[in-house]
There are 2 protein chains.
Amino acid sequence: MITGKNYIGSQLKASGTKTVKTFNPVLNKENPWVFTEATPEEIDEAVVLANQAFVSYKKCSGLEKAKFLTAIADEILALGDDLLVQYCSESGFARGRAEGERGRMIGQLHSFAAMLTEGSWVQATIDTAITDRLPAPKEDLRKMLVPLGPIVVFGSSNFPFAFSTAGGDTASALASGCPVIVKSHSMHIGTGEMVASAIIKAAQKTNMPEGVFSNLIGGGKTLGASLVKHPLVKGVGFTGSISGGRALFDLAAQRPEPIPVFAEMGSVNPVILLPEALKNNSQKWATAYAGSITLGAGQFCTNPGLLIALEGNDLNKFAEQLTEAIEKIEPGCMLHPSIHADFESGIKTMEEQNGVSKVAHFKGDVLPNHGAQTILRVKGEDFLKNELLRHEVFGPFSIIIECNNIAQLIQIVAKLEGQLTGTIIGEENEPEQHTDVIAALQNRVGRLIFNGVPTGVEVCASMIHGGPYPASSDSRFTAVGTHAVYRWVRPLSFQNWPDDLLPAELQNENPLQIVRTVNNELIKETISI
Amino acid sequence: MITGKNYIGSQLKASGTKTVKTFNPVLNKENPWVFTEATPEEIDEAVVLANQAFVSYKKCSGLEKAKFLTAIADEILALGDDLLVQYCSESGFARGRAEGERGRMIGQLHSFAAMLTEGSWVQATIDTAITDRLPAPKEDLRKMLVPLGPIVVFGSSNFPFAFSTAGGDTASALASGCPVIVKSHSMHIGTGEMVASAIIKAAQKTNMPEGVFSNLIGGGKTLGASLVKHPLVKGVGFTGSISGGRALFDLAAQRPEPIPVFAEMGSVNPVILLPEALKNNSQKWATAYAGSITLGAGQFCTNPGLLIALEGNDLNKFAEQLTEAIEKIEPGCMLHPSIHADFESGIKTMEEQNGVSKVAHFKGDVLPNHGAQTILRVKGEDFLKNELLRHEVFGPFSIIIECNNIAQLIQIVAKLEGQLTGTIIGEENEPEQHTDVIAALQNRVGRLIFNGVPTGVEVCASMIHGGPYPASSDSRFTAVGTHAVYRWVRPLSFQNWPDDLLPAELQNENPLQIVRTVNNELIKETISI
């Protein structure tokens, strides 16, 4: 049951007067539920509660936090079909995608719970005392990672489960020991409320402090700005557009006490098709790329928006094969009429640019809010001249860039802004003939892919979902994978600290049996002083 | 021999017309050398060279970079006595301090060289493929840390060796694989030039690319601002004042492509004297603190500026003992007349505040530019009312805060801005009676110390020299210790990448024999696929 209210900690509140609704893009009509926006008092209350919760939440053991995250996963599953129906009604995605993305969200929660249960993620580092050192003795020093404080999470439009209310940002922040305040994404507030209700239930069942999680509703930019500027907020996670992410980054940097913002702002994810692969395997890659471009109606941060190759017959053949493959795919419903409208106008702007021509466009009937996949082409020299062609068009869209030689291809790659991913398609021995291409690409991306598609972001320790600006606001961190937790923690040193007052992670006995760096060696052993 | 010129890579250049001199505070007169400020063209040239150097420098192996850092240490030592004499003439410090700080600088270079030789610092993380996973196979993913690009280092006034030209920021950035451009600190430009000459020699002897290091001279704020705003600069390290660090942070955040700034901006390093320790051991701690407050003429970022305790006879006795101890210590020469003037006016301002009275002040003759150590006292309620009393007075100065109960003491600690360090002085069983005090302090600091003094910052993996804002601009990093390298690197993922094209750190064979996280386990073993 959707109440339309904010969760201020465990309390459902709606003392405000401004309301907002969500939209069903498949039915092309407003959804029935009425949501009440949080008032300034409610916003402040949520942050103050989070700050109070921090005092005890940061002291929770890894096992206690793991139980909390596991309980969130369980409570989300307990919502059953109702949650999937709600998700579909507010996203336009089909049932299969809803189930798949729920699986991903649950999997993420479990992977952070596993990380907490194992425990070594805190990077415990110990240098024992050398009392007879000259000229001065060396004191015992130990450090580990501790949480920053209340974190604000801005959910994404395109992943109502995996990158929203209980998505990667929330899961990683809760894992770190930070309370979370979610700004519910305005396109799926009902889905957000249901997931929030599961988090609140889980918090109560596992005895987490009141205020460890809140879920706030707000249209426009007021709610977000109020949260980022609140002095008790200590960090921000965001997934969305460059303009939205940069606005929050700027607000956070301008605070009297600046706070870290990790904004994942998407990219065009260049794909370089090397000559031999294009010659020998164009059909295989045309089919793979038609699928990748249209997956989820093209609404992935890692959607391949640029296909870069040398001009000529092989590329022409690839373009034909891609056209054929892409025109066979039924267009998907996009998230919202506004996103669909931006997609259409984005393509129109691209088509108007000098030297741009159309390669493929879905020709059948297109339902309202459905994105007709489109491929354009442009010569390398025209692409280099026009900064606008480097912008992302969010949806099932790619531009083929025809380069007249490898030098131009490298020049194009070097000119790209920071990217989440960069892909090389080549025959087995081709990459070693093009190390300059790879070096240029490596410098611009967070993840390099060989012979694959950029869509599909595995949740594991070695995944990087981030990259040089503007793919993310800080290339030193990732939004996906267990290492996403490192955005919300800081190291704290203890010097000459009494053993029994140290956190368990740093005590001589190593009661948690974690891996620690002791005098520059990674070991699990206890320390005898 | 001092040339007075800029190092643009290995070239000594001085095409500008603006000149500047340094000052000998002991002799109380200008030094003879004339230094020429870098022109806008020279600044640009240094950054462009650094960016070109980055292409090959980032490919250097850990061993090659270790040789470079070791050679820097050797070349600095080869400068012999001349360098120590130069240091003393531009800092006012005595010979013993010069030797000690040179040892620290050399030690830092060696500790980064050792880290590079061992090699595991890159945090290699590998998740191998699962080709038969359902519903979709899992691709092979591997990640490691790679350098960001050219880094600008702003040396400190108070550590002409250890936090300047070849100090921790430079050593950590060069270790990471980033070229460095130093803005020479205007108080010790000659010392900076000599150290820079050693770095350049070391670069040439170990075949490092031209431009891997430059050293620029500039008065005022123009040079610094030009460097931070330069589009090819990818990160900034700074040690100095809050106003200086914040100005650079703001410039970096306002760039079209924001870049990370790690600014260490000092703090007042609160020390809490718990009641039993004050009662039983006041003489011991009074002596220790008189030494800590006056060490290096009080010009340490970790100088203890606040002594917080419960009011009463025990504290009065401590104040008397501290007075006695501090008045026996001969005042030290401060770095520069401007720093001495700021010290004097800072004390004057503090003395004028409501409720503030003088405890101790060196009474003998004081030479020019020497800092007469001063202790003030104020009641907790007056301290709480006056934000100004929380500011740092750089030099041999502390305020004793007399609290009327533990609740007020906690309130004071909670109101403090972020600090590099926080110290608890207590009898063996005292800390466990005051866990609320410790919790409040822990929330505000980068390093907690028990029964010690905050001065003396050990260089090791478990040291944190940083802390919540404004102690540093990003509490997630440290300026001291080998982990300082993590400010200048970002993780890069390789998906399905051919083994022979992976960096050695990520190859199946593990040719460097480093510790890696393979499928969530820390191991040194090779991977058999």
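Just so it is clear: chains get the letters A, B, ... in the order the sequence lines come, proteins before strands, and each one is counted from 1.
- Between chain B and the options Gln123(A), Arg246(A), Met144(A), heavy-atom pairs under 4.5 Å are most frequent for Arg246(A).
- When the candidates Glu432(B), Lys138(B), His465(B) are compared by the number of heavy-atom contacts under 4.5 Å with chain A, Lys138(B) comes out ahead.
- Residue contact with chain A, scored on non-hydrogen atoms closer than 4.5 Å, is absent for Val55(B).
- Residues Leu145(A) and Arg476(B) form no side-chain contact, since every pair of their non-hydrogen atoms from C-beta on lies 4.5 Å or further apart.
- Proximity to chain A (any heavy atom under 4.5 Å) is shown, for Asn451(B), by both the backbone and the side chain.
- Looking only at heavy-atom pairs under 4.5 Å with chain B, the residue among Lys234(A), Glu417(A), Arg133(A) that has the most is Arg133(A).
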Given side chain to side chain contact (heavy atoms under 4.5 Å, CB included), test Asp127(A) with Met463(B) step by step and report yes or no. CA-CA 9 Å; Asp127(A) 289 279; Met463(B) 171 54 68; over 6 Å; no

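- Across Leu522(B), Thr435(B), Thr423(B), Asn496(B), the residue that shares the most heavy-atom pairs under 4.5 angstrom with chain A is Asn496(B).
- Checking side-chain atoms of Ser475(A) against main-chain N and O of Arg490(B) turns up no donor-acceptor pair under 3.5 Å.
- For Ile126(B), the part sitting under 4.5 Å from any heavy atom of chain A is the backbone (N, CA, C, O) and nothing else.
- When all heavy atoms of Gln495(B) and Val453(A) are compared, the pair lying nearest together is NE2-O, 4.4 Å.
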Are Asp250(B) and Gln254(A) close enough, and set up right, to give a side chain to side chain contact (heavy atoms under 4.5 Å, CB included), and what steps lead you there? CA-CA 8 Å; Asp250(B) 288 345; Gln254(A) 287 156 13; over 6 Å; no

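- Residue Asn519(B): no heavy atom, backbone or side chain, is found under 4.5 Å from chain A.
- Interface remark: of the candidates Glu118(B), Met115(B), Arg142(B), Arg142(B) forms the most heavy-atom pairs closer than 4.5 Å to chain A.
- In this structure a side-chain-to-backbone donor-acceptor pair under 3.5 Å is missing from Lys143(B) to Arg447(A).
- With a 6.0 Å radius and a threshold of 12 heavy atoms from other residues, nucleotides or ligands, Glu257(A) has its CD atom above the threshold.
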Using the rule given for side chain to side chain contact (heavy atoms under 4.5 Å, CB included), can you reason through Thr125(A) versus His483(B), listing the C-alpha separation, both sets of side-chain angles and the distance that settles it, and then say yes or no? CA-CA 10 Å; Thr125(A) 309; His483(B) 289 192; 4.0 Å; yes

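- Ranked by heavy-atom pairs under 4.5 Å with chain B, the list Pro470(A), Ala461(A), Ser473(A) is led by Ala461(A).
- In this structure, no portion of Thr517(B) lies under 4.5 Å from any heavy atom of chain A.
- Among the candidates Glu139(A), Lys59(A), Arg255(A), the residue making the largest number of heavy-atom pairs closer than 4.5 Å to chain B is Arg255(A).
- Per-residue heavy-atom pair counts under 4.5 Å with chain B were compared for Val146(A), Ile438(A), Asp474(A), and the maximum is reached by Ile438(A).
- Of the two parts of Ile259(B), neither the backbone nor the side chain holds a non-hydrogen atom closer than 4.5 Å to a non-hydrogen atom of chain A.
- Only the backbone of Val489(B) comes within contact range of chain A, with heavy atoms under 4.5 Å apart.
- At a 4.5 Å heavy-atom cutoff, the contact between Tyr486(B) and chain A is made by backbone atoms alone.
- For the set Gly100(B), Pro258(B), Ser120(B), the entry with the most heavy-atom pairs within less than 4.5 Å of chain A is Pro258(B).
- Between Leu448(A) and Ser493(B) there is no side-chain heavy-atom pair separated by less than 4.5 Å.
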Report the C-alpha distance between Ile424(B) and Trp497(A) in whole Å, list the side-chain angles of each, state the deciding distance to 0.1 Å, and finish with yes or no for side chain to side chain contact (heavy atoms under 4.5 Å, CB included). CA-CA 9 Å; Ile424(B) 299 280; Trp497(A) 206 254; 3.9 Å; yes

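- More than 12 heavy atoms of other residues, nucleotides or ligands lie within 6.0 Å of CD in Gln433(B), so this atom counts as buried by the packing criterion.
- Both the backbone and the side chain of Pro431(B) come within less than 4.5 Å of a heavy atom of chain A.
- Heavy-atom distances place the backbone of Pro256(B), and not its side chain, under 4.5 Å from chain A.
- In this structure, Phe494(A) and Ile464(B) have side chains that are not in contact, with every pair of non-hydrogen atoms separated by 4.5 Å or more.
- No side-chain heavy atom of Leu501(B) sits less than 4.5 Å from a side-chain heavy atom of Phe450(A).
- The choice from Gly452(B), Pro468(B), Ala439(B), Ala136(B) that makes the most heavy-atom pairs within less than 4.5 Å of chain A is Pro468(B).
- In this structure the side chain of Thr478(B) never reaches within 4.5 angstrom of the side chain of Pro491(A), judged on heavy atoms.
- The greatest number of non-hydrogen atom pairs below 4.5 Å with chain A, out of Pro260(B), Gly103(B), Gly149(B), Ala124(B), is found for Pro260(B).
- Looking at Gln442(A) and Leu492(B), their side chains come closer than 4.5 Å, going by heavy atoms from C-beta outward.
- Only the side chain of Lys58(B) comes within less than 4.5 Å of a heavy atom of chain A; its backbone N, CA, C and O stay farther away.
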